[in-house]
Amino acid sequence: SLGTDYQATEHWRFRVGAGYDESPVNSVDRGVRLPDADRYQLAGGLRYSFSEHASLDVSYSHLFIRDGSINQQTALYKTIGT
């Protein structure tokens, strides 16, 4: 993950960030009950300082999650999907 912020004026500060998180679940163990996958994240935010002791922060973050395929087979069931 990487992020930075920029103090534009005495009152305004802007922030951006991006990250990548690899799933701890491999394709063999991925199933319906544990449908985790790799993901990317983008985030942005801003701060407005009214004074030294009062400020307002607003931010937004969005996750982009890859489709993870499921291919499990046991003696009792078989699950195949995306």
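Side-chain atoms are counted along with the backbone in the values below, which use heavy atoms only and exclude waters and symmetry mates. The residues of the chain are indexed from 1 along the displayed sequence.
Scored by the side-chain hydrogen bond (donor to acceptor under 3.5 Å, both in side chains) test, Ser61 finds Gln41 as partners (sequence neighbours excluded). Qualifying side-chain hydrogen bond (donor to acceptor under 3.5 Å, both in side chains) partners for Arg47, counting only residues two or more places apart in sequence or in other chains: Asp57. With sequence neighbours excluded, the residues forming a side chain to side chain contact (heavy atoms under 4.5 Å, CB included) with Phe50 are Tyr48, Ala54, Leu56, listed by chain and number. Applying the side-chain hydrogen bond (donor to acceptor under 3.5 Å, both in side chains) criterion to His62, with sequence neighbours excluded, gives Tyr60.
Identified under the side-chain hydrogen bond (donor to acceptor under 3.5 Å, both in side chains) test for residues 2-12, with sequence neighbours left out: Asp5-Arg13, Gln7-Arg13.
A pairwise comparison of heavy atoms in Ile65 and Arg39 identifies CG1-CB, 3.9 Å as the closest pair.
Other members of the cluster containing Tyr20 are Tyr40, Leu42, Phe64, with ILVMFWY side chains joined at under 4.5 Å, either directly or via other members.
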